[in-house]
Amino acid sequence: MTPAVRELERQGVAFELAPYTHDPTHESYGLEAAAALGVDTSMVFKTLVVTGDKMYLAIVPVTHRVSLKLAAAAIGERRLTMSAPAEAERATGYVVGGISPFGTRRRLGVLIDASARDHSNVYVSGGRRGLDICVAVDDLIRICAATVAEIVA
């Protein structure tokens, strides 16, 4: 199992594993997951790594892009940039396309787009390509000690 799964088990959080066969030629990991799992894209969230004075995880619907301006304002940063893939992988311990908000190598601040509150459960990466986790939104917010704000463009 991945560090994400172990973290959720350690926390005693109810979750459902949602594995699928990853196609390396697919251009969007999140859209691939939604299609493979047969769930509405509004319920599938991607985890991006952004950098300001510190590094953060920005969790947004797979159909949207994070607004760096809105995300920075939500956490009081002057400016945020997208982290380079190698930086994101070093900080989280996961590969791009499999970055989970749970069980990261370093504890990072977390922002979740407010649209997550439109659902009781959402899908996030389980720590590797081809594995998502369905988890209650309230548990996602609590476990990650997340800031919830409108952070999509």
Side-chain angles (χ1 to χ4, degrees), residues 1-51 55-68 70-71 80-148 150-153:
M1 279 298 108
T2 66
V5 173
R6 287 193 296 273
E7 174 70 14
L8 291 173
E9 288 173 341
R10 188 180 70 72
Q11 296 276 347
V13 172
F15 64 93
E16 180 183 321
L17 291 178
Y20 60 93
T21 302
H22 167 61
D23 175 1
T25 64
H26 206 286
E27 292 184 20
S28 169
Y29 299 112
L31 293 177
E32 174 192 22
L37 297 172
V39 298
D40 190 285
T41 56
S42 69
M43 293 181 64
V44 181
F45 283 66
K46 58 187 171 185
T47 305
L48 306 170
V49 181
V50 296
T51 304
M55 291 180 97
Y56 303 88
L57 300 177
I59 302 171
V60 299
V62 297
T63 54
H64 290 77
R65 292 185 168 189
V66 64
S67 165
L68 296 171
L70 291 174
L80 291 174
T81 59
M82 291 299 299
S83 298
E87 276 183 309
E89 290 176 350
R90 271 193 306 276
T92 64
Y94 296 119
V95 297
V96 170
I99 295 176
S100 179
F102 309 115
T104 54
R105 180 177 290 151
R106 290 185 4 211
R107 183 79 171 164
L108 304 174
V110 178
L111 298 103
I112 300 174
D113 185 64
S115 66
R117 290 256 190 225
D118 295 341
H119 308 282
S120 55
N121 295 299
V122 293
Y123 290 82
V124 295
S125 178
R128 65 174 168 79
R129 295 173 186 155
L131 178 65
D132 269 25
I133 295 174
C134 182
V135 64
V137 171
D138 290 339
D139 287 336
L140 172 63
I141 294 165
R142 180 178 53 79
I143 298 298
C144 295
T147 298
V148 179
E150 292 184 17
I151 61 168
V152 295

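Counting begins at 1 with the first residue of the sequence.
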Within-4.5 Å side-chain heavy-atom neighbours: [X] and [Y]:
{"X": "Val152", "Y": "Leu70", "answer": "no"}
{"X": "Thr81", "Y": "Val50", "answer": "no"}
{"X": "Asp139", "Y": "Gln11", "answer": "no"}
{"X": "His119", "Y": "Asp40", "answer": "no"}
{"X": "Val137", "Y": "Arg142", "answer": "no"}
{"X": "Phe102", "Y": "Leu140", "answer": "yes"}
{"X": "Ile151", "Y": "Ile112", "answer": "no"}
{"X": "Arg105", "Y": "Thr92", "answer": "no"}

Within this structure, what is the [atom1]-[atom2] distance for the pair [X] and [Y], rounded to the nearest 0.5 Å?
{"X": "Leu68", "Y": "Thr51", "atom1": "CG", "atom2": "OG1", "result": "10.0 Å"}
{"X": "Met43", "Y": "Ser115", "atom1": "CE", "atom2": "OG", "result": "12.0 Å"}
{"X": "Ile59", "Y": "Cys144", "atom1": "CD1", "atom2": "SG", "result": "5.0 Å"}
{"X": "Ser100", "Y": "Arg128", "atom1": "OG", "atom2": "CZ", "result": "12.0 Å"}
{"X": "Glu7", "Y": "Ile143", "atom1": "CD", "atom2": "CD1", "result": "6.5 Å"}
{"X": "Thr47", "Y": "Leu57", "atom1": "OG1", "atom2": "CG", "result": "6.5 Å"}

Test: Glu87 and Arg90 ion pair at under 4.0 Å: no
Can you name the nearest heavy-atom pair linking [X] to [Y], along with the distance?
{"X": "Thr41", "Y": "Ala34", "answer": "CG2-CB, 3.8 Å"}
{"X": "Thr21", "Y": "Glu32", "answer": "O-OE2, 3.7 Å"}
{"X": "Ala116", "Y": "Val122", "answer": "O-CG1, 4.3 Å"}
{"X": "Leu111", "Y": "Ala71", "answer": "CD2-O, 3.6 Å"}
{"X": "Phe45", "Y": "Pro61", "answer": "CD2-N, 3.4 Å"}
{"X": "Gly103", "Y": "Pro3", "answer": "O-CB, 3.4 Å"}

Stepwise side-chain contact (heavy atoms from CB on, under 4.5 Å) check, Met1 with Leu17: CA-CA 10 Å; Met1 279 298 108; Leu17 291 178; 4.0 Å; yes
Test your reading of the model: is there a side-chain donor-acceptor pair from [X] to the backbone of [Y], 3.5 Å cut-off?
{"X": "Arg129", "Y": "Asp23", "value": "no"}
{"X": "Ser125", "Y": "Gly98", "value": "yes"}
{"X": "Tyr94", "Y": "Ala4", "value": "yes"}
{"X": "Lys46", "Y": "Leu31", "value": "no"}
{"X": "Thr2", "Y": "Gly126", "value": "yes"}

Whether His22 and Tyr29 hold their rings parallel, tilted or perpendicular, with breakpoints at 30° and 60°: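 His22 and Tyr29: tilted rings.
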Step-by-step salt bridge (Lys or Arg N to Asp or Glu O under 4.0 Å) determination, Arg6 to Glu9: CA-CA 5 Å; Arg6 287 193 296 273; Glu9 288 173 341; over 6 Å; no
CA sep, side-chain torsions, deciding dist, call: Asp132, Val124, side-chain contact (heavy atoms from CB on, under 4.5 Å): CA-CA 5 Å; Asp132 269 25; Val124 295; over 6 Å; no
More than 12 heavy atoms of other groups within 6.0 Å of Arg65 CZ: no
